[in-house]
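The first residue of the sequence shown is numbered 1, and numbering continues consecutively from there.
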Amino acid sequence: MEDISTGSDSDYSSSWISWFLSSKGNEYFCEVEEDFILDRFNLTGLNNEVANYSQALDLITDNLDDDIQDELRGSLDVQARLLYGLIHARWIVTARGLQKMLEKYKRAEFGRCPRVLCHQQPLLPVGLTDIPYEKSVKLYCGRCEDLYSPKSSRHGSIDGAYFGTTFPHLLFLVYPTLIPPKSGPSDTGSSNREAASGDSRSRRRRDEAEIAEGGGEDINTATVALKAERYRPKIYGFQLHETAKLQRWQEAVRDRQIARLEALEEATRT
């Protein structure tokens, strides 16, 4: 799903992984340690997901025969990207992988939340499914607990399965001190706040103008609220207990608000 950047022979000759990580659009990825890749236990089941699995693995580990590489480089590169992405999803939920992604998170390399009240909270990549070729990567805000699409089209075309559904929530579980507060500024979101506040105000004015131009009288607020799909954080397919408990309460409040909106809109029409 991601954009394929071409590289020269010299790019490949040093290291396939180094070339891949330095390619434009792959900034979200971290380097998977070679020992992890070479341990076949960590790759269990991936041979069923990737065509030409053995050759793709040899390409990633720089063990592919030069003759084969020249003949099949184009097709093998696609499979190698898929294989590395699936390995990457497994790597970033290990202790070493979490640490590497934590460093990128602290530098806000995945972007910051666009909401004003989130105070420039850094985002984390997450997949909506662990199955490749289904959904592109999204960015999760630990403060408002909502998802956003990457600003760059290069990043927006990355397969979400390369990060998986577990990573951001496991990171906060392993590092609970990083869980952002629900109000007020946080340490990780404090830098560049003044510059961002101006951008946020301008975005808000544009949004208000767009709503006015669209004819807000015809918008049924309750219907829009009902269609909004709530993102549910999960770790290995299981909802977090405290988060699930909080979401049940939030959804009950939301249902009451929707009922009030429906009553108000009905009274306005009569």
Counterpart residues, side chain to side chain donor-acceptor pair (under 3.5 Å), relative to Asn47 (two or more places apart): none
Test side chain to side chain donor-acceptor pair (under 3.5 Å) applied to Tyr53 - qualifying residues, sequence neighbours left out: none
Show me the side-chain donor-acceptor pairs of residues 82-101 shorter than 3.5 Å, one per line, residues at least two apart or across chains.
residue: Tyr84; atom: OH; partner: Cys30; partner atom: O; Å: 3.0
residue: Tyr84; atom: OH; partner: Val32; partner atom: N; Å: 3.1
residue: His88; atom: ND1; partner: Tyr162; partner atom: O; Å: 3.0
residue: His88; atom: NE2; partner: Cys30; partner atom: N; Å: 3.1
residue: Arg90; atom: NH1; partner: Asn42; partner atom: O; Å: 2.8
residue: Arg90; atom: NH1; partner: Thr44; partner atom: O; Å: 2.9
residue: Arg90; atom: NH2; partner: Thr44; partner atom: O; Å: 2.9
residue: Trp91; atom: NE1; partner: Glu31; partner atom: O; Å: 3.4
residue: Thr94; atom: OG1; partner: Trp91; partner atom: O; Å: 2.6
residue: Thr94; atom: OG1; partner: Gly97; partner atom: N; Å: 3.1
residue: Arg96; atom: NE; partner: Glu33; partner atom: OE2; Å: 2.9
residue: Arg96; atom: NH2; partner: Glu33; partner atom: OE2; Å: 2.7
residue: Gln99; atom: OE1; partner: Tyr175; partner atom: OH; Å: 3.0
residue: Lys100; atom: NZ; partner: Glu31; partner atom: O; Å: 3.2

side-chain contact (heavy atoms from CB on, under 4.5 Å) evaluation trace for Asp146 with Arg115: CA-CA 10 Å; Asp146 212 342; Arg115 283 183 171 165; 3.1 Å; yes
Qualifying residue for side chain to side chain contact (heavy atoms under 4.5 Å, CB included) with Ile17, from Thr61, Asp62, Ile37: Ile37
Pairs satisfying salt bridge (charged side-chain N to carboxylate O under 4.0 Å, His left out), at least one member in residues 35-49, at least two apart: none
Residues forming a side chain to side chain contact (heavy atoms under 4.5 Å, CB included) with Arg107, sequence neighbours excluded: Glu103, Lys104, Glu109
Audit row: Ser136, Lys138, side-chain contact (heavy atoms from CB on, under 4.5 Å) steps and yes/no: CA-CA 7 Å; Ser136 60; Lys138 299 298 180 183; 4.3 Å; yes
Verify same cluster id: Leu38, Leu59 (apolar side-chain graph, 4.5 Å): no
Minimum-distance pair of heavy atoms, taken over all atoms of Ser157 and Arg154: OG-O, 2.9 Å
Please report the interatomic distance [atom1]([X]) to [atom2]([Y]), rounded to the nearest 0.5 Å.
X	Y	atom1	atom2	result
Cys141	Arg112	SG	CZ	11.0 Å
Leu171	Ile179	CG	CD1	9.5 Å
Leu178	Tyr105	CG	OH	6.0 Å
Asp58	Leu76	CG	CG	9.5 Å
His169	Glu145	NE2	CD	9.0 Å

Pair Asn26-Arg81, side-chain contact (heavy atoms from CB on, under 4.5 Å): steps then yes or no: CA-CA 11 Å; Asn26 293 336; Arg81 287 168 176 268; 4.0 Å; yes
side-chain contact (heavy atoms from CB on, under 4.5 Å) between Arg143 and His119, worked out: CA-CA 9 Å; Arg143 183 182 287 254; His119 297 278; 4.0 Å; yes
NZ/NE/NH1/NH2 to OD/OE distance under 4.0 Å, Asp159 and Lys135: no
Phe163 and Phe29 aromatic ring geometry - parallel, tilted or perpendicular at 30°/60° bounds: tilted
State, yes or no, whether a side-chain contact exists between [X] and [Y] at a heavy-atom distance under 4.5 Å.
X	Y	answer
Pro150	Phe110	no
Tyr28	Leu139	yes
Trp16	Asp77	yes

More than 12 heavy atoms of other groups within 6.0 Å of Leu117 CG: no
Mind listing the side-chain donor-acceptor pairs of residues 123-130 below 3.5 Å, one per line with the distance, residues two or more places apart or on another chain?
residue: Thr129; atom: OG1; partner: Ile131; partner atom: N; Å: 3.2
residue: Asp130; atom: OD1; partner: Thr165; partner atom: N; Å: 3.0
residue: Asp130; atom: OD2; partner: Thr165; partner atom: OG1; Å: 3.1

